[in-house]
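Quick notes on the structure that follows.
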Amino acid sequence: MEIVDYVTGLDVKTVAVATLAFLLAMVYLRRRKGNLPPGPMQVPFLGSIFALNKDVRLFKVCEELAKTYGEMTTISLGLVLDKLVILNSADVVHEALVEKKEIMAGRDTTIWSFGYISEGFKDIAVGDFGPTWKLQRKLALKAIRTYTMGTKLEQLLKSSYSDVAALLEKEKEPFYFGEYIHLMLYNIICRMAFGKSYKIDDPEFLQWRKLLTLLVEDFFQSFLPPDLLPLLEHAPIKRVAAYKECVKELHGLAYKKLKEHKATFDPDAPRDLMDQLLLAQKESEEEEGEDTKNLLTDTHVVQTVLDVFFAGTETSSETLKWTLMYTAAYPDVQEKMHNEILDVLGDSDDLLKSKSKLTYCDAVLHEVMRLRPVVPMSLFHKVLQDTKLREYDLPKGTIVTPNIWGIHHDPANWDSPEEFRPERFLDEHGNIHVDSKIWLPFSSGKRKCLGEALARSDIMMIMALFFRDFKVSFPPNVTGDFEPADKIIDCHCKRQKLVIEKRKD
Ligand code: HEM
């Protein structure tokens, strides 16, 4: 839809002239000269439109461009992002994100919609590198560890799983399985964040789900007019108003939770992630003095919890969806997983102990995440000081990102990369063997996914319970659609039906 369609009540000529003048000024100011890596032709305002319009999925386009431009490609997303350097080879990604990790740890804080939802980039995922981000990340990791290290995660996962398993058992015909996976992951995260056991039809739970799904599935899939021209934030544009309304509702829910938690907070008995963060806030004030007060304000606490929601639910649930798709397509793999789970876990429910012994299941998960990395272009990084990468100069402020999808599908890294072959992750003794330079679904370096341990524990435990109890297959005469959905930066599974039957053994 054209921007002008959104605008009501303004003289179109005035808007057009003002916009054009503003665009020209922006282009002039944002033009960066220098010795950047090569890339496809760019046109004013529209950037690399001719190369990018070949496929809506940026990761697919970048995979193709890498074949022409090699280890690094520079593209332009027009007015939103003038220059984006894509790192295509495993070696270059390592050099940039690991060897130069301090330099590559920034985030672009010019995108209006990200700034709006994060109340001025006060979260971890889009917050720029600096003392606040460091403290926030450290504390969030500490809080998350209280779940991954002990039995807490296992307990809340089991109860979310059993709610969903009861629903799955009722389904006799092929059905849209994705909804159930979503439900389970949202409920696990809600329980972890707020300690609240929602029933599946609880209005508050449904409200969380509705808002997060709307943001991730709709608003974050394209740029909003103020991302192109910040001034448009104040223009009467319907889509911007809808976004603001959605964010307002989300913040309303989150701050209500904060208020409830503060009113009943007991530092000796933290109940959930929000309490853990409040405790960390209190401790850091005591340990490091009043200075840290401004580093971890209530806004930071709320934003950290929202980060866990945003970053943790879609990613894990999409990974599980892909796992079900691949295991439906490879029944022999599924049987091997089932047998391993019976051997290791049996009828017991000691998931924590068993998880590390499920090596074949773990290899399957690695292979699914290689073939379908759900964040295939990572999150964009900002270069914090002038630097060189190979023969190219990357000035301070350049935006770079690893081409995770490309690296996972590159024949230079993987034998027959398009084949689903979990054994490639097993050594001759049957142990997991992973080269972290070429397997990077969680990215690498300073900004590496904060929730990797949590996601992997979560997914492995759900897999153990699910593949022990259920069998998954495609409906008769269906082979499954493995093409990622038409999303710009996410590798999501298309909505489709599966047959899920309770096992009798
Ligand atoms: C299968 C599941 C997941 C995948 C594939 C995944 C992948 C990623 C990737 C590729 C990034 C970008 C890293 C970069 O900028 O280089 C990221 C960032 C992040 N992830 Fe995950 N993620 C997953 C689950 C989770 C979970 C469960 C959480 C919850 C705690 C989480 C929290 C975050 C946060 C907070 C960041 C931003 C880190 C920062 O900027 O410092 N993720 N994730």
Side-chain angles (χ1 to χ4, degrees), residues 59 86-87 93-94 96-98 100-101 104-109 114 118 121-130 132-148 153 157 181 184-186 188-190 192-193 212 216 273 276-277 300 303-323 365-366 368-382 399-405 407-408 436 439-463 489-493:
F59 52 99
I86 315 281
L87 312 175
V93 169
H94 189 79
L97 300 193
V98 179
K100 290 178 183 274
K101 58 176 186 262
M104 302 281 172
R107 290 281 195 233
D108 183 5
T109 49
F114 291 172
S118 60
F121 301 95
K122 290 203 176 78
D123 74 336
I124 301 172
V126 296
D128 209 354
F129 185 75
T132 312
W133 172 84
K134 276 192 195 163
L135 178 69
Q136 230 174 324
R137 190 172 157 116
K138 188 176 103 184
L139 296 178
L141 266 174
K142 190 173 155 195
I144 286 174
R145 250 183 232 131
T146 62
Y147 284 86
T148 49
L153 181 65
L157 182 137
I181 308 266
M184 184 159 45
L185 263 302
Y186 270 92
I188 292 172
I189 297 279
C190 274
M192 189 176 132
L212 293 165
V216 175
L273 188 67
Q276 294 283 355
L277 290 166
H300 291 105
Q303 286 296 333
T304 304
V305 173
L306 288 179
D307 255 6
V308 171
F309 266 105
F310 280 120
T313 45
E314 290 296 313
T315 46
S316 300
S317 73
E318 288 303 319
T319 303
L320 265 168
K321 284 187 208 170
W322 285 120
T323 308
L365 179 58
H366 276 81
V368 170
M369 295 183 91
R370 180 187 71 80
L371 277 165
R372 294 294 178 265
V374 294
V375 193
M377 297 297 296
S378 189
L379 300 180
F380 300 168
H381 293 223
K382 184 177 72 184
I399 307 299
V400 304
T401 203
N403 182 352
I404 297 176
W405 174 276
I407 291 166
H408 282 191
S436 61
W439 186 82
L440 55 167
F442 298 97
S443 187
S444 57
K446 277 251 173 252
R447 287 283 187 165
K448 188 175 188 189
C449 175
L450 176 96
E452 175 174 358
L454 175 67
R456 286 172 69 172
S457 286
D458 244 8
I459 298 172
M460 278 299 288
M461 289 198 268
I462 294 173
M463 278 168 74
I489 46 164
D490 296 320
C491 172
H492 282 190
C493 180

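In each ligand, atom 1 is the first atom listed, and ligand 1 is the first ligand listed. Throughout, numbering of the chain's residues begins at 1 and tracks the sequence.
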Check whether any heavy atom of Glu318 sits under 4.0 Å from an atom of ligand 1. no
Quick one: does Phe380 get within less than 4.0 Å of ligand 1, heavy atoms only?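 Distance cut 4.0 Å: Phe380 fails for ligand 1.
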Does Val374 approach ligand 1 within less than 4.0 angstrom via side chain, backbone, both or neither, non-hydrogen atoms only? side chain
Give me the residue, atom name and distance of the protein heavy atom closest to [atom].
{"atom": "atom 1 (C) of ligand 1", "result": "Thr319 OG1, 3.3 Å"}
{"atom": "atom 15 (O) of ligand 1", "result": "Arg107 NH2, 2.8 Å"}
{"atom": "atom 36 (C) of ligand 1", "result": "Leu450 N, 4.1 Å"}
{"atom": "atom 20 (N) of ligand 1", "result": "Cys449 SG, 3.2 Å"}
{"atom": "atom 28 (C) of ligand 1", "result": "Gly451 CA, 3.5 Å"}
{"atom": "atom 38 (C) of ligand 1", "result": "Arg137 NH1, 3.4 Å"}
{"atom": "atom 26 (C) of ligand 1", "result": "Gly312 CA, 3.4 Å"}
{"atom": "atom 12 (C) of ligand 1", "result": "Ser378 OG, 3.4 Å"}

Should the pair His408 and Trp439 be assigned to parallel (<30°), tilted (30 to 60°) or perpendicular (>60°) ring geometry?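 Parallel, since the angle between the ring planes stays under 30°.
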Note: heavy atom closest to atom 40 (O) of ligand 1, options Glu452, Arg447, Met104, belongs to Arg447
Polar-atom distance check: His381 versus ligand 1, any N or O pair below 3.5 Å?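 Yes, His381 has an N/O under 3.5 Å of an N/O on ligand 1.
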